[in-house]
Peer 1: 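The structure under discussion is supplied below as structure tokens; questions concerning it will follow.
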Amino acid sequence: GVHVDLDQAYIADREKRTSGELEALQVALGQATNSLEKPRIRKALFELGEFYATMGNLQNSMKCVTRARESCTEDLHTAQMCNLAVKVNVFRGNYAVFSPYVSRAEQLGDRLNDEHYTYFKISAALLQLDKRNFKATATTLTKLRRRRETPVDMSVANHFFNPSDLLMVTSLCALAT
């Protein structure tokens, strides 16, 4: 087999940086919690949840999402919370758990900005695909549209698919119906 040498200096440097970043985020959360300011608490929880998700610690990321839910006072906060919950559960392959978050976000309707709208429509399509409902998946993906005067931002889809995969999945689902 192929032998690959690990760069121990790089690994030690990354561990040092991430532990420092984690410590700073935890301190920020502690300060926000002590101040009892919901906006600061929510922001700190979202940042810590994103950090954990990036590091692959999905269980702790979901704990942050669950705690942040209490401090969501506006539609944008709810969309951000649902966004992080969906992201974490897609990484976990746990589609059943993120279904309520997609439903909750879709209830916001026109109050969602275009980026969140696209994200949650693609999330809904993934749920339909997981249920092997190809017609609904194809319909959802082909109906992604501009809701305002701005173009559809398909970079949002990169959380789930690269653009050519999105086209292929949509085409295959359309053919399967």
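Every heavy atom of this structure was used, including side-chain atoms; hydrogens, water molecules and symmetry mates were not. Numbering starts at 1 and runs along the sequence shown. Remember, it's a predicted structure, so these values are computed and weren't measured experimentally.
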Peer 1: I'd like to check Leu29 versus Arg67 (side-chain heavy atoms, cut-off strictly below 4.5 Å). Are they in contact?
Peer 2: yes
Peer 1: How long is the span from the CZ atom in Arg69 to the OG1 atom in Thr66, to the nearest 0.5 Å?
Peer 2: 5.0 Å
Peer 1: Can you tell me how far the CG atom of Leu36 sits from the CD1 atom of Ile41, to the nearest 0.5 Å?
Peer 2: 6.0 Å
Peer 1: Can you measure from SG (Cys82) to CD (Glu106) and round to the nearest 0.5 angstrom?
Peer 2: 10.0 Å
Peer 1: Taking side chain to side chain donor-acceptor pair (under 3.5 Å) as the definition, give me every residue that meets it alongside Asn89, ordered by chain and number, with sequence neighbours left out.
Peer 2: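 With sequence neighbours excluded, Asn89 shows a side chain to side chain donor-acceptor pair (under 3.5 Å) to no residue whatsoever.
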Peer 1: State yes or no: do Phe91 and Val65 share one hydrophobic cluster built from I, L, V, M, F, W and Y residues joined by side-chain heavy-atom distances below 4.5 Å, directly or via other members?
Peer 2: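 Linked, Phe91 and Val65 end up in one cluster.
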Peer 1: Backbone N or O of Asn57 within a donor-acceptor pair of the Ser61 side chain at under 3.5 Å?
Peer 2: no
Peer 1: With distance as the sole test, does Asn34 use its side chain to make a donor-acceptor pair with the main-chain N or O of Gly30 at under 3.5 Å?
Peer 2: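 It does hold such a pair.
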Peer 1: Gln128 and side chain to side chain donor-acceptor pair (under 3.5 Å): which partner among Asn133, Thr140, Thr139?
Peer 2: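 The side chain to side chain donor-acceptor pair (under 3.5 Å) with Gln128 is passed solely by Thr140 among Asn133, Thr140, Thr139.
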Peer 1: With salt bridge (Lys or Arg N to Asp or Glu O under 4.0 Å) as the test, would you mind laying out the steps for Lys43 and Glu47 before giving the verdict?
Peer 2: CA-CA 6 Å; Lys43 182 178 186 252; Glu47 288 174 353; 3.2 Å; yes
Peer 1: Under 4.0 Å between a Lys/Arg side-chain N and an Asp/Glu carboxylate O for Glu50 and Lys87?
Peer 2: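 Salt bridge between Glu50 and Lys87, a charged N being under 4.0 Å from a carboxylate O: yes.
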Peer 1: Checking the side chain of Arg42 only, and the main-chain atoms of Ala68 only, is there a donor and an acceptor separated by less than 3.5 Å?
Peer 2: no
Peer 1: With the 4.5 Å side-chain cut-off for hydrophobic clustering, are Leu58 and Leu48 part of the same group?
Peer 2: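 Per the 4.5 Å side-chain linkage, Leu58 and Leu48 are not co-clustered.
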Peer 1: Does some side-chain heavy atom of Phe46 sit less than 4.5 Å from a side-chain heavy atom of Cys72?
Peer 2: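 The answer is yes, as the side chains (C-beta and beyond) meet within the 4.5 Å cut-off.
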Peer 1: Quick check: do Val88 and Tyr52 have side-chain heavy atoms less than 4.5 Å from each other?
Peer 2: no
Peer 1: Answer with yes or no whether the hydrophobic clustering places Met81 together with Val102; edges join I, L, V, M, F, W, Y residues whose side-chain heavy atoms lie under 4.5 Å apart.
Peer 2: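 Same hydrophobic cluster.
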